[in-house]
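Just so it is clear: chains get the letters A, B, ... in the order the sequence lines come, proteins before strands, and each one is counted from 1.
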There are 2 protein chains.
Amino acid sequence: METRPRPYHHGDLRAALLARAEETLREKGAAALSLRELARDLGVSHAAPSRHFKDKQALLDALALTGYERMTEAMTASQADAGESCRKQLEAVVRAYVCFGLDNPVLLGLMYSIECDPQASDALLEAAGRWSEHIERLVAEGQRRGEVREGPVERIGVPVFATLHGYADLAATGMLPQGFAEDGLDEVIAFILRGCAPDGPP
Amino acid sequence: METRPRPYHHGDLRAALLARAEETLREKGAAALSLRELARDLGVSHAAPSRHFKDKQALLDALALTGYERMTEAMTASQADAGESCRKQLEAVVRAYVCFGLDNPVLLGLMYSIECDPQASDALLEAAGRWSEHIERLVAEGQRRGEVREGPVERIGVPVFATLHGYADLAATGMLPQGFAEDGLDEVIAFILRGCAPDGPP
DNA sequence: ACCTGAACACCGTTCAAGT
DNA sequence: ACCTGAACACCGTTCAAGT
């Protein structure tokens, strides 16, 4: 009559695996992630996960993908609440990116760990590619409004993206001095804007 | 009479382990690194490495440390060959950083993977801290020469460092469009300099 | 369709013992 | 001081079999 573990997992095992995996990532780091332990935690056999992810790598890829999705969500939400000016929009993007990195440092690392095998999940590379486009749209809009100097959006967008990414990554890995992570945000935005400023009046 | 594997490793096993580990990192990625395979490749017993690294993590930390050392070397060498102007010096640093990332993508990832455990090897954090100081010295020198705007070196240095790091990281993980990695270097430098430019003539 | 249970080859870590 | 060899608990992956 005691409540014994059901022989079959009741809900969506795939989603449960991803959720539990992310907890582990947050609590114990990426190195400690084990499919068998995941299965144990969820009360299924150690072979069950293979029905949903052919590989441990497949699970990690799926995990990274959810990261991209949630970050895109957060960014667009943050932009919707921001003003129209290029500065405000940029601030919204930077803030969302940095917050995401601070909240999900290990996941962020995973999202950029494409271990250099060229056959890395296409969906992942595509998701990553959308960042660049997102930034470039911002640059183009800034140009239309006269807040960003003229030039190919790609060549201006990449350095902006690099600054954004680098700052979030340094913040996530705890390599920024003291409380610079949240505190120095204005500084970074000002830095980016100076770098994007239209050729000043002579 | 045949040359049989010696029962004892002749040279410096510690150095041999690090060297072989880096090859594996480059060829098969971080996930494929195994202490037992390393020992096998070097013709020693699987327990031998533990005499030199108490842990797999200890080996990874040592590996990351060699990365910091070699990168510092490359940077100072690159700076010595460059001119005195802030632009030339900055260019030397950026070029060295990006080249290192392109040549050692997995190692660079390792160097910034401090899995968020606060007790992470002190030597590593100290080595990382030296980058910031390096950049800040550059900023200070730029200010002395009037090429960089006034202000606390730390607050100006961090965004510069973020751009530098972000660009190298994106290049290393292959997330830059086409041949932007080597090609877009000037763009990044120009971007940084604009962001550091002294308040222009009115 | 989804999961189990056993099997296989591999791993990191430890420790008494050898030289 | 440095390494071996055996032992332990754990891992990812596969596969016939169950419901």
Side-chain angles (χ1 to χ4, degrees), chain A residues 3-25 27-64 106 110 113-115 117 119-121, chain B residues 3-25 27-64 106 110 113-115 117 119-121:
Chain A
T3 18
R4 292 176 56 259
R6 302 166 202 72
Y8 282 67
H9 193 262
H10 48 290
D12 186 353
L13 180 56
R14 195 191 131 93
L17 283 165
L18 286 174
R20 185 74 188 104
E22 202 181 329
E23 280 180 52
T24 308
L25 226 60
E27 290 163 9
K28 306 196 283 183
L33 194 73
S34 132
L35 288 181
R36 279 177 113 107
E37 191 178 25
L38 241 42
R40 238 177 288 139
D41 290 349
L42 264 45
V44 295
S45 92
H46 64 259
S50 73
R51 286 288 135 189
H52 301 275
F53 304 101
K54 77 175 233 293
D55 236 11
K56 188 181 185 182
Q57 187 59 46
L59 185 144
L60 292 177
D61 287 348
L63 215 46
V106 187
L110 206 70
S113 70
I114 322 201
E115 292 257 328
D117 42 41
Q119 31 110 314
S121 167
Chain B
T3 19
R4 294 178 51 261
R6 301 164 202 73
Y8 281 67
H9 193 263
H10 47 292
D12 185 352
L13 180 55
R14 194 193 131 93
L17 282 166
L18 285 175
R20 185 75 188 102
E22 201 179 330
E23 281 181 51
T24 308
L25 227 59
E27 290 164 10
K28 305 195 284 181
L33 194 74
S34 132
L35 288 180
R36 280 177 113 108
E37 190 177 25
L38 241 43
R40 238 176 287 140
D41 291 349
L42 263 46
V44 295
S45 90
H46 64 258
S50 75
R51 286 289 134 188
H52 301 274
F53 304 100
K54 78 176 231 295
D55 237 9
K56 188 180 186 184
Q57 188 59 48
L59 184 145
L60 292 178
D61 287 348
L63 214 45
V106 187
L110 206 70
S113 69
I114 321 199
E115 293 257 328
D117 41 42
Q119 30 108 316
S121 165

How far apart are the closest heavy atoms of [X] and [Y], and which atoms are they?
X     : Y     : result
A:A47 : A:S50 : O-OG, 2.8 Å
A:A30 : A:L25 : CA-CD1, 3.8 Å
B:A62 : B:F53 : CB-CE2, 3.7 Å
A:T24 : A:A32 : CG2-O, 4.3 Å
A:H52 : A:A48 : CD2-O, 4.0 Å

Using atom [atom1] of [X] as one end and atom [atom2] of [N] as the other, report the distance to the nearest whole Å.
X     : N      : atom1 : atom2 : result
B:L35 : C:dC10 : CG    : C1'   : 13 Å
A:R51 : D:dG18 : CZ    : C1'   : 12 Å
A:L33 : D:dC10 : CG    : C1'   : 15 Å
B:K54 : D:dC3  : NZ    : P     : 19 Å
A:F53 : D:dT14 : CZ    : C1'   : 18 Å
B:L42 : D:dC2  : CG    : P     : 16 Å
B:R40 : D:dC3  : CZ    : P     : 18 Å
A:H46 : C:dT4  : NE2   : C1'   : 9 Å

Q.
Return the OG to CZ distance between A:S45 and A:R36, rounded to the nearest 0.5 Å.
A.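 Between A:S45 OG and A:R36 CZ, I get 9.5 Å after rounding to 0.5 Å.
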Side chain of [X] only, heavy atoms from C-beta on: which candidate in [options] is closest?
X     : options               : answer
B:S34 : C:dG12, D:dC3, D:dC11 : C:dG12
B:A47 : D:dT14, D:dC3, C:dC15 : C:dC15
A:S45 : C:dT4, C:dC3, D:dT4   : C:dT4
B:K56 : D:dC3, C:dG12, C:dC3  : C:dG12
B:V44 : D:dT4, C:dC3, C:dG12  : D:dT4

Does B:H52 place a side-chain N or O at less than 4.0 Å from the phosphate oxygens OP1/OP2 of D:dC3?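 Yes.
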Under the rule of Watson-Crick or G-U wobble with both distances under 3.5 Å, where | means paired to another strand and [ ] a crossing pair, DNA chain C maps to ||.|||||...|||||.||
key: Check: A:R36 side chain, D:dT13 base, donor-acceptor under 3.5 Å   =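 Present.
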_Measuring only between side-chain heavy atoms, which start at C-beta, is A:L33 closer than 4.5 Å to A:L38?_
yes
Assert: residue with more 5' nearest nucleotide on DNA chain D, out of A:E37 and A:S50, is A:E37
